[in-house]
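One structure is given here, and the rest of the page talks about it.
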Amino acid sequence: MSVQQYDEIGEAFEGFKGLPLTRYGEVPSFLGLVGDVSGKSVLDLACGTGFYSREFKRRGATDVLGVDISAEMVAAAREIEQRDPLGVRYEVGDVAELRPLEQRFDIALGVQCLNYAEDIATMKRMCRTIHQNLVPGGEFFVLAQNPDYRFDNPSLDKYGFLCEPTGEEIETGTRVRVTALIEPQPITIVSSAPRREVYEDCLAATGFGAVEWVPLQVSEAGVREFGEDFWADLRSHPPLEMLRCRA
């Protein structure tokens, strides 16, 4: 997957977190999935501008390292760290080729990470390098496109996004075009929606176990803000899903 599409976004990527789907669905669901990180070390892979790196450092993680393939994303994350120092470290790196780090981590995060693998061999390399950088029994948390999402479902635009198939199938699954409807200029990113068994097989082949799929939830704050009816389409046809597993 081209790095250029992220290099061209930079800190504008932060705007994704203000959209209804992200603010009231993804973020509270993922934070709740990972849970208490007090006293734990966190490796944030495909960290982007460092949103989750910062969140988990504020929540008590002892050491947080964010890694992203995009130099511009890492530069933006470092700039935010300079403005509001939390002690988060960032570096440029390709998850598929990630070197053994100076320490092993208790927790690894992969938010929109594995779904950028161009083929099954690449996803296995990604999973293998993640496993090698976790302590025995360490946990890996993933958020990505729902493998079962149907593109003829009601539009996601009221939640801040468009999600469309490009018409191309790759070895892992369907190529997907996601547009975040942020102001002043929408941002489009192309990734993929790997099949469920691709995730499970790649994780199992690289030493992960106890794989558990976890659905996205809408927070109480989101219901208060928009009402129950607003979220009906999202709950019936969730575009995102999470999973957890153990090294």
Can you name the one residue among L109, I69, V67 that meets side chain to side chain contact (heavy atoms under 4.5 Å, CB included) with L45?
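With L45 as partner, L109, I69, V67 yield a single side chain to side chain contact (heavy atoms under 4.5 Å, CB included), made by V67.
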Begin from the C-alpha positions of F105 and L65 and carry the test side chain to side chain contact (heavy atoms under 4.5 Å, CB included) through to its verdict.
CA-CA 9 Å; F105 291 79; L65 173 63; 3.9 Å; yes
Passing candidate, side chain to side chain donor-acceptor pair (under 3.5 Å) with T174, options E168, E169, Q145
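Per the side chain to side chain donor-acceptor pair (under 3.5 Å) rule, the option paired with T174 is E169, out of E168, E169, Q145.
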Hphob cluster co-occupancy, [X] + [Y], side-chain heavy atoms under 4.5 angstrom:
X    : Y    : result
L31  : L33  : yes
Y52  : Y90  : yes
V111 : L114 : no
V142 : L43  : yes
V198 : F141 : no

If you measure from [atom1] on [X] to [atom2] on [Y], what distance do you get to the nearest 0.5 Å?
X    : Y    : atom1 : atom2 : value
F161 : T179 : CZ    : OG1   : 9.5 Å
T62  : K40  : OG1   : NZ    : 10.5 Å
F208 : R244 : CZ    : CZ    : 13.5 Å
R195 : D201 : CZ    : CG    : 9.5 Å
F51  : I80  : CZ    : CD1   : 10.5 Å
R59  : R54  : CZ    : CZ    : 13.0 Å

[X] side chain vs [Y] backbone, donor-acceptor pair below 3.5 Å:
X    : Y    : result
Y159 : L234 : yes
N153 : R150 : yes
W231 : G222 : yes
T49  : A76  : no
N133 : L101 : yes
S29  : E26  : no
S192 : N115 : yes
T206 : C202 : yes
H131 : A247 : no
D44  : S53  : yes

Side chains of [X] and [Y] only: does a donor on one sit below 3.5 Å from an acceptor on the other?
X    : Y    : answer
D233 : S236 : no
S70  : D68  : no
S41  : D63  : no

Please check if atom [atom1] in [X] has more than 12 non-hydrogen atoms from other residues, nucleotides or ligands closer than 6.0 Å.
X    : atom1 : answer
K124 : NZ    : no
R89  : CZ    : yes
E220 : CD    : no

Any carboxylate oxygen within less than 4.0 angstrom of a Lys/Arg side-chain nitrogen, looking at [X] and [Y]?
X    : Y    : value
E212 : R246 : no
R196 : E241 : yes
R58  : E55  : yes
R175 : E118 : yes

Please name the pair of heavy atoms, one in [X] and one in [Y], separated by the smallest distance, quoted to 0.1 Å.
X    : Y    : answer
C163 : L156 : CB-CD1, 3.9 Å
Y199 : P147 : CE1-CG, 4.3 Å
I120 : T172 : N-CG2, 3.8 Å
T129 : A96  : CG2-O, 3.9 Å
G39  : D106 : O-OD2, 4.4 Å
I107 : L134 : C-CD2, 3.7 Å

Compare all side-chain heavy atoms of [X] with those of [Y] and state whether any distance is below 4.5 angstrom.
X    : Y    : answer
M126 : C113 : yes
M242 : Q217 : no
Y24  : V223 : no
R125 : E97  : yes

Run the side chain to side chain contact (heavy atoms under 4.5 Å, CB included) check on N146 and L240 step by step: do they pass?
CA-CA 4 Å; N146 181 346; L240 302 173; 5.7 Å; no
Compute the centroid of each ring, for H237 and then for Y149, and state whether the two points are separated by less than 6.0 Å.
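Between Y149 and H237, which both carry aromatic rings, the centre distance is not below 6.0 Å.
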Working for side chain to side chain contact (heavy atoms under 4.5 Å, CB included), residues Q112 and L143
CA-CA 6 Å; Q112 304 291 7; L143 183 140; 3.9 Å; yes
Under the salt bridge (charged side-chain N to carboxylate O under 4.0 Å, His left out) criterion, do R99 and E91 qualify, and how do the steps go?
CA-CA 12 Å; R99 73 187 194 286; E91 65 176 61; 2.6 Å; yes
Assess whether side chain to side chain contact (heavy atoms under 4.5 Å, CB included) is satisfied between E139 and C245, documenting all intermediate values.
CA-CA 6 Å; E139 292 186 285; C245 55; over 6 Å; no
